[in-house]
Amino acid sequence: MLLHGQRPPFRVSHVLFDVDGTLVDYGLAIRAAFAAAAEAASMVTRGVVTAEDIRLARVDVVEDPRWQRRLPTEQRRETMWRLLSLRGVTADALDSAVAAVLDRYQDARDRALTVYADVAEALTGLRARGFTLIAASNGDVDLGRVGIGEHIAATHYATDVGVAKPDPQFFALAMERFGVAPGHAIAVGDRVDNDYTAAREAGLAAVVIDRPARLLDAGVLRIDALTELSGLIETV
């Protein structure tokens, strides 16, 4: 575990959890979503569209400077719009075709979402100690559907507030919404840019959940399992 900046234990009242890659295995879900979207796109275009085609189209949008700070829902729609346009779907049919592919994408994603094994124990313990747990995500996962909604006091989703990570304003807005001083909150996520750095720039403490142990030399405060978070925080 590497420490960066303020040393734990942090004294906080609120814990903000990223969702995708932190509470749920988003990699597994996104692969299912790409496969389903490819099948739907193949039917719409009457050609062969692969999951890799979907992935590459998504990369093109995410790396486009005009779209980098846009909401994930907007990026997904633009991805399908570009891909179907290039595959010959006519303008008059494009809106309905994009909607059909996105419906298949989201349904497959939601069906494949799996909660990490360490999550239920960690959330149960933190809630019992009196921490307020907030889901703070660029995504829109239904936490009740995946079985952990009972632990989460509120959600702070980019689609609802109109600002996405890595913009520090995402976290600043959360502090305003929930009436919390930034120094009394800690953000937990799996990405340094979106979660750790953005939260710290907004004045929150932060920790990276690094289950694959990829960030050993990244100079950030990291944990290998979500259950380790309990030892880093105390109630205000």
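- In the hydrophobic cluster analysis, where Ile, Leu, Val, Met, Phe, Trp and Tyr join through side-chain heavy atoms closer than 4.5 angstrom, V15 is grouped together with V220.
- A salt bridge links E52 with R55: at least one charged nitrogen is closer than 4.0 Å to a carboxylate oxygen.
- Pairing each heavy atom of A112 with each of A32, the nearest pair is CB-CB, 3.7 Å.
- The shortest distance between side-chain heavy atoms of V236 and F10 does not fall below 4.5 Å.
- Note that the CD1 atom of I152 and the CG atom of L143 stand 6.0 Å from one another [nearest 0.5 Å].
- Relative orientation of the F178 and H156 rings is perpendicular, given thresholds of 30° and 60° on the angle between their planes.
- Annotation: side chain of V161 is in contact with side chain of R177 (closest heavy-atom distance under 4.5 Å).
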| task | Give the intermediate values and the outcome of side-chain contact (heavy atoms from CB on, under 4.5 Å) for residues H151 and V119. | result | CA-CA 10 Å; H151 301 296; V119 169; over 6 Å; no
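- When atom types are taken as modelled, the side chain of S42 and the backbone of V48 share no donor-acceptor pair closer than 3.5 angstrom.
- For D118 against T227, the heavy-atom pair with the smallest separation is O-CG2, 3.8 Å.
- S137 and G139 get closest at one heavy-atom pair: OG-N, 2.8 Å.
- Atom-to-atom distance recorded for L204:CG and D195:CG is 11.5 Å, nearest 0.5 angstrom.
- Cluster annotation: L71 is not connected to L173 through the hydrophobic network of ILVMFWY side chains, with a link wherever side-chain heavy atoms come within less than 4.5 Å.
- The nearest pair of heavy atoms linking R76 to R58 is N-NH1, 3.6 Å.
- Contact check for R211 versus D25: no side-chain heavy atoms found under the 4.5 Å cut-off.
- Remark: E121 CD is loosely packed, at most 12 non-hydrogen atoms of other residues, nucleotides or ligands lying under 6.0 Å away.
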| request: Start with the C-alpha gap between R77 and V101, add the side-chain angles, then the distance that decides, and say whether side-chain contact (heavy atoms from CB on, under 4.5 Å) holds. | output: CA-CA 9 Å; R77 190 174 191 282; V101 174; over 6 Å; no
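- With rounding to the nearest 0.5 angstrom, the CD atom of Q106 is 5.0 Å from the CG atom of D140.
- In this structure, the separation between CG on L221 and CD1 on I186 is 6.5 Å, given to the nearest 0.5 Å.
- Of the possible donor and acceptor atoms, one in the side chain of R11 sits under 3.5 Å from a partner among the backbone N and O of T235.
- Electrostatic pairing of R82 and D60 does not count as a salt bridge here, judged by no charged N lying under 4.0 Å from a carboxylate O.
- Within 6.0 Å of the CZ atom in R129, the count of heavy atoms belonging to other residues, nucleotides or ligands exceeds 12.
- Residues L113 and D110 are in side-chain contact: their nearest non-hydrogen atoms beyond the backbone lie under 4.5 Å apart.
- Between the CG atom of D107 and the CG atom of L102 there is a distance of 12.5 Å, given to the nearest 0.5 Å.
- A search for side-chain hydrogen bond (donor to acceptor under 3.5 Å, both in side chains) contacts involving Q75 returns nothing, not counting sequence neighbours.
- Salt bridge annotation for D190-R222: absent, with no cationic side-chain nitrogen under 4.0 angstrom from a carboxylate oxygen.
- Looking at F17 and L229, their side chains come closer than 4.5 Å, going by heavy atoms from C-beta outward.
- Contact record, G183 with V12: O-CG1, 4.4 Å, taken as the closest heavy-atom pair.
- Looking only at distances, a side-chain donor or acceptor of Y157 sits under 3.5 Å from a matching main-chain atom of V141.
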| task | Any chance you could lay out the side-chain contact (heavy atoms from CB on, under 4.5 Å) test for M175 and L16, step after step, and finish with the verdict? | result | CA-CA 10 Å; M175 297 298 92; L16 278 67; 3.9 Å; yes
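- Using a 4.5 Å heavy-atom threshold, the side chains of I54 and M80 count as touching.
- The structure places CG of L226 at 8.0 Å from OG1 of T22, a figure rounded to the nearest 0.5 Å.
- E78 places none of its side-chain heavy atoms less than 4.5 Å from the side chain of D64.
- A heavy-atom distance below 4.5 Å is not found between the side chains of L23 and V146.
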| Given the rule in the side-chain contact (heavy atoms from CB on, under 4.5 Å) test, do D18 and R191 qualify, once you have shown the distances and angles that lead to the verdict? | CA-CA 9 Å; D18 172 56; R191 290 181 55 174; over 6 Å; no
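- Scanning for ring-ring contact (aromatic ring centres under 6.0 Å, His included) contacts around F131 gives an empty result, with sequence neighbours left out.
- The backbone N or O of A38 sits nowhere less than 3.5 Å from a side-chain atom of R104 that would complete a donor-acceptor pair.
- The shortest heavy-atom contact between F171 and N194 is CE1-O, 3.7 Å.
- The closest donor-acceptor contact from the side chain of D103 to the backbone of A100 lies at 3.5 Å or more, if one exists at all.
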